[in-house]
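Shown next, in C-alpha cells, is the structure this report addresses.
What you see below is based on every heavy atom in this structure, not just the backbone, and it leaves out hydrogens, waters and symmetry mates. So you know, we letter chains A, B, ... as the sequences are listed, proteins then strands, and number each from 1.
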Amino acid sequence: FRHSSQYRFWSFTPEQLEQRRIEVNAQAVQSIEQDLRNFIDARSTELNEEEIKTIENRAVPVNMEEELKLVNLYAKKVQTIAQRLNLPTEIVATSITFFRRFYLENSVMKIEPKAIVLTTIFLACKSENYFIGIDSFCEKTRGDKEQVLKYEFPLLESLKFSLLSHHPYRPLHGFFLDIQAVLHGKVDLSYMGHIYDRCKKRITDALLTDAVYFYSPPQITLAVLMLEDEALTTRYLELKFHGNDTNQGNAEDEASRGNGNVTIQLDKLMKIVTNCSKLIEKPTTVPVEEAKSIAARLYFCQNPDDL
Amino acid sequence: EYTKERKVGEGTYAVVYLGTKQSSGRKIAVKEIKTSEFKDGLDMSAIREVKYLQEIQHENVIELIDIFLAYDNLNLVLEFLPSDLEKVIKDRSILFTPADIKSWMLMTLRGVHHCHRNFILHRDLKPNNLLLSPEGIIKVADFGLARTFPSAQEILTSNVVTRWYRAPELLFGAKHYTSAVDIWSAGVIFAELMLRIPYLPGQNDVDQIEVTFRALGTPTDADWPDVSFFSAYNKLQIYPPPSREELRRRFIAASENALSFLCGMLTMNPQKRWNAVECLESDYFKEAPAPSDPFSIK
Amino acid sequence: DVSKRYNLDESLYSDPFIKDLQERKDFIASGFRVDYVYSRMLTEAFM
C-alpha cells in the first residue's frame, strides 16, 4: 500500500489536509477578488454607487469551510448519479474518490462542481474497465458531450494521474474470511452475511469523509466493522493481534491467526480504528438552504454582471 | 525539462520519441498519446498504461519517470530501453547461450510476478514487449492491455494477448480467466528463445487453435475439467499430446528441468498451469548453467 | 514486514457466493481458482 499512488499522493495528516484546502481556497479568493476589482474598474463610469455596493455585498468569495460543504454536497450527487446508472460499487467509489481529490487541487470558484460531476463518473468507468461510450453515457445522464470530455484532461492532471484506487470493500471480504478462521466455530455465518451488506453501505458513506485521506482502506473497514458489531470486531482483533485467548499458545490457533512475527500492537490499532469510526460517523450532509446561499455567492462571483 | 529529439516509433494511439531529461542528462523515451483519434476522450490503452505504471516500481518493469500534458497531448516519460527480445531473436548475428536464455526468463518472470502479486494482469506478453536496457536488464513494457484481477463475477474479454502468445482458454473464449494467461505467454516466449523461430505462429484465430493443439495435444475433460463446455471445443481436430521424447527432439538444447519448466508454463489446464512463484522456484533456475550476468550478454 | 498476517485455509471459509462460482463449468474451464480470490481479498485486508 505504501508503494501505491493512493498512499504516496493522497494520504495526509489532518493538518496537511486543512493546509492544502486553505491554500487552494486562498489562491482562488485572491484571483476572484482581482477579477471583481477589474470588473468594477472597467465599468467605473457605468456602475452607480448602489450597484457597486451590491456587488461588494453579494459577490463575496466563499471560504474554505464553505467550499468543503459544497464539495461534500456534490460528492453525494456523484454517488447518487453513479448508483442510478447501476454502476458496480467499486466504480461508484472511484467516482466519489476522483471527485473529492479534484477539489484538493482546484477551487469550486474556479471550476464549479456541477461542471465536473459527470466527467468524474465517465473517467471512473473507463479507468475501471467499465467502458461506456460518450454518446451512450451522455444519453443516460443527459450530459453535454463537449463538457464531459473537456474536463477529462484537467481531471486526470489534478488526480496526478493516479487512477488505481484501493477501496475498503475487498478488505471487508478479506476480514469476512479471516474472522471465520480466527473465530472458527464461534461466529454465526448468516449473521456475518447480514452485517456484511450493511458494512458495504457504511463503507460507501465513509468514502464521503476525509477518513480516506487519514486511514488505509483496511483501517476504514475495521472501523466500519466496529460500528456494526463492536463486540465481534474487538474479540477478533484481540485474538488476532494479542493472542490473549484462554487456550493461549494452542498451535492450531497460532497458525490460524497467522501470527508469525506480527508487528501490530493491538492497543495502537484499536485507537486508530476507534478514531476512524468517530470520523466516519460524523455526517457530511449540508443543509440545502446553506448550500444554496453558498452556490449563489459562487455564481455571482463568476457572473457579477448578473448582479 | 524533457526534449523530444527523434521519432522512433508510431502506434495506433501513440508516437514515441527519444529525448533527454535536461536536469540529469538521462536518456528517456517520450510516449506522446494522440488524443484527437479517440472520440470518447482519452484512449483506454493510455488510461491503462498510466494507471498501472503509476503503481508498479520494479527493476524488471519499465519505469514511468513522469507524465505531463502539453499542447493537449498526454506525454508519458519512460526510461530509455534501446532493444527488445524480438530484435535479439531475429538478429542471426547475435549468438546467445542457454545461460543467457535463463537470465532473460528469470528477469521476465520476476517482472511478471511483481505484476501478479499486485493483482495486475499484463495480457500482452510477447518478445517485443520485453525491452532491454543498455545494461541488458529485461523490462516488461506496454501495459495498454493490462487490468487488475477481476472481481469474482466480472466478465472479461477474451480478445487479449497477441495471437501467437494467446493461452488456450482465451482461444476458447473464456470470460473468467486468471493470471495464468500471462504464464502461457511466457512459456511460448521461452520456446521461441530456444528455437529462435516463433513456436506457435497461427495465421488467424482459428488456425491458432489448430497450431496450438497440433504442437501440444488437444485437451480433454480428463486433463482439463469442463474444457468441453466451451462452444469452440466441438469442432476440434483431436491431436495426441507430444511424448517427452518428441519434446526432447523438438527442444534439443533443453535439459530435463528446462523441459519441465516449459511444460509447467504450457500446461493446458489453466488451473494446473504453474504460477509465477512456481516458475521462479523451479529446478530449471537452480541447475547449471547459472543465469548469465545480464551485463555480460552481448 | 513481509509476513502475510493471515493463513489462507479454504476449509475454514463459508463463502457461498464464491463457492457457487467454483462449481460453474464456465468458471472451472476458464481456470478460475478460489484460492486466487481469497488470497487477493486477504492481501487487501492486511496491506
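In this structure, chain C has heavy atoms under 4.5 Å from both the backbone and the side chain of F149(B). The contact between P150(B) and chain C is made entirely by backbone atoms, counting heavy-atom distances below 4.5 Å. With a 4.5 Å cut-off on non-hydrogen atoms, Y177(B) touches chain C through its backbone and its side chain both. Proximity to chain B is limited to the side chain of L21(C), based on heavy atoms less than 4.5 angstrom apart. Contacts of K175(B) with chain C are made by backbone atoms alone, with heavy-atom separations under 4.5 Å and no side-chain atom involved.
The environment of CG in N159(B) is sparse: at most 12 heavy-atom neighbours from other residues, nucleotides or ligands sit within 6.0 Å. Within a 6.0 Å sphere centred on CD of Q237(B), other residues, nucleotides and ligands contribute more than 12 heavy atoms.
Side-chain contact between N275(B) and Y36(C) is present, with at least one heavy-atom pair separated by less than 4.5 Å. H176(B) is listed as a side-chain neighbour of D26(C), based on a closest heavy-atom distance under 4.5 Å.
Smallest separation of non-hydrogen atoms from R33(C) and R273(B): NH1-O, 4.4 Å. The two atoms that bring A152(B) and F17(C) nearest to each other are CB-CE2, 4.0 Å, heavy atoms only. Between P270(B) and G31(C), the shortest heavy-atom distance links the atoms CG-CA, 3.4 Å.
No donor-acceptor pair closer than 3.5 Å links the side chain of E169(B) to the backbone N or O of A29(C). Between the side chain of R40(C) and the main chain of F119(B), no donor-acceptor pair closer than 3.5 Å is present.
Of the listed residues N269(B), V227(B), D226(B), the one with more heavy-atom pairs under 4.5 angstrom with chain C than any other is D226(B).
Residue D221(B) holds its CG atom at 7.0 Å from NZ of K25(C), rounded to the nearest 0.5 Å.
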